[in-house]
Amino acid sequence: MSRRALLCACVGVLAAAGLSGLFDRAGADASSAEAVHMIERMRDAPSALRFAATVRVTWRDRGATNDMVVHVTDDMGVLEVDSGAARVFDRGTHTYFKNELGWSSALVEPDRGASPSPDHRWRLAVSRGQPIAGRPTQLVEAVRADGTPAQRLFLDTQTGMVLRREVLDGRGRVQRSLEFVDLTLGAVSAPQAPSGVTTHEATALPSVPSGYEAPRAVAGYVLVAQSRHPNGVEFVYSDGMFAASVLEQRGDLDWDALPAHGTATDVEGTRARRYSDASADVVMFEHDGTVFTLVTDAPPDSVATLVDGLTPDRGTAEQVVDFVLGPFGWN
Amino acid sequence: MSEPFADHDELSAYLDDELDPNERAEVERRLAESPALRAELEDVRTARDAMRGLPTREAPAGFWDAVIAGVRDADVAAGRDGVEAAPVMGLDARRRRLRRMGVFAGAAAAAAAIIAVVLLPGRTSVRPNVTAVATQHAASSSDLGDSISSLAPVGPLVGRR
């Protein structure tokens, strides 16, 4: 082969590779934009549908997999979950829970700031999913930087609602999931709100109160709300895909009073107690005279980075101010 | 610390606009001259506002009549009946004086409590409720995102205490 022919061949190969990369990138961008649109549609779907369904919930806790079946009824966004022993009723910002003691209400949270886009932290991809509850689905995968999936959403092709959700750890194991076993679309008997239940509201805070730790962004999560609760200050973070609530309370954690089913652990050098439940991981730890209770539905590897980011070293002056003002609740 | 103004009643009366014009002018003159007095005025104002923030209760019907009758009976029993009565403070003035005494007693108690806390800064023992924080998170997450994903898994939790 002549030198000129060799040069042309090389240029051709490089051009082809470049064009291929360009098309791949364009394809990935298109897929990510489509995934974002599908996730937004999924979030709006319950407000536009009426259905009754049976849903299987699974979660891993201390090496064992637990599961439970619940019945879900939705009437244009008014939702009821019935697990037999307990019920949940949700309408707008009001959520009520019922156990053997009767109904109680969740705190009504103030309006939040804008959450990041679902592709803010995750690479998203769309592909054809397997049928769930006899219905065709599309699969939206959120993928870590190392290529492992963190979440799989199987979305109903017709309605856009989620029919199966899996949250996976860094080794590809499903940490928690929900899956529709059956689904009946159409008229349902509308869930009824409980009566006579007192509702309380959390108080919105315009800024982070002095003496509390709440970085604007941590481990890819963005602070979207801060509010005062009756027992502390709560900060809500979102990475667009998952949410993390952090309740901070001044004082010392009473380790002995915590429920027994947790796991004593060390998260990034911080002593912690961890609980893995059906809906979220709950992690409790102390830092500089404050008790942190972190709750998140994110994969387990995100928990470690969140804990690390929430516990920066503080200056001596700040600690002195907290020591003096802490007992008065002025900080 | 020196006492910049001995009569707290007068400061309290000043705040309540109960002084005559001459007394009021005298207080304002001293306030203008003395930063310590102005600070004391603020203390009195703070304590007064705190007391007024407390819920009020009406005395039962006939209470004040019973008090006056009781005082009269005591005078009779002590053989002072017929003796020229000492000047008696009006009920409103008596209530104001009682209220001022209450203000200063309350302020003193608050100061003592603050000093005790400063000298002995106790730590609060925190016992988070795992189920409560998890259900609260699910409720608030349902506002942010997909309510089905947030709330369907909460069912198994709610039954737990």
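What you see is a predicted model, and the numbers here were worked out from it, not measured in a lab. Just so it is clear: chains get the letters A, B, ... in the order the sequence lines come, proteins before strands, and each one is counted from 1.
- With values rounded to the nearest 0.5 angstrom, A/Arg112 atom CZ is found 10.5 Å from A/Leu223 atom CG.
- For the ring pair (Phe, Tyr, Trp, His ring centres under 6.0 Å) condition, no pair includes a residue of residues 75-106 of chain A, sequence neighbours left out.
- When heavy atoms are compared at a cutoff of 4.5 Å, A/Thr95 approaches chain B solely by way of its side chain, counted from C-beta outward.
- Ranked by non-hydrogen atom pairs under 4.5 Å with chain B, the options A/Ser47, A/Gly84, A/Ala202, A/Ala106 are led by A/Ala106.
- If you measure heavy-atom distances from B/Ser147 to chain A, the contacts under 4.5 Å come from both the backbone and the side chain.
- For a residue to count as touching a neighbouring chain, one of its non-hydrogen atoms must lie under 4.5 Å from one of that chain's; by this rule A/Ala243 touches chain B with backbone and side chain alike.
- Taking A/Leu79, A/Asp256, A/Asp44, A/Val72 one by one and counting their heavy-atom pairs under 4.5 Å with chain B, the maximum is reached by A/Leu79.
- Contacts with chain A were tallied for B/Ser140, B/Ser150, B/Ser141, B/Ala134; B/Ser140 has the most, counting heavy-atom pairs under 4.5 Å.
- Residues that satisfy the side-chain contact (heavy atoms from CB on, under 4.5 Å) test with A/Met38, not counting sequence neighbours, are A/Glu34, A/Val126, A/Gln138, A/Val140, A/Leu155.
- Side-chain atoms of A/Ser276 and A/Asp281 form a donor-acceptor pair, as typed in the model, at a separation below 3.5 Å.
- Heavy-atom pairs under 4.5 Å with chain A were tallied for B/Thr135, B/Val133, B/Leu151, B/Val126; the largest tally goes to B/Val126.
- Proximity to chain B (any heavy atom under 4.5 Å) is restricted, for A/Leu258, to the side chain, taken from C-beta onward.
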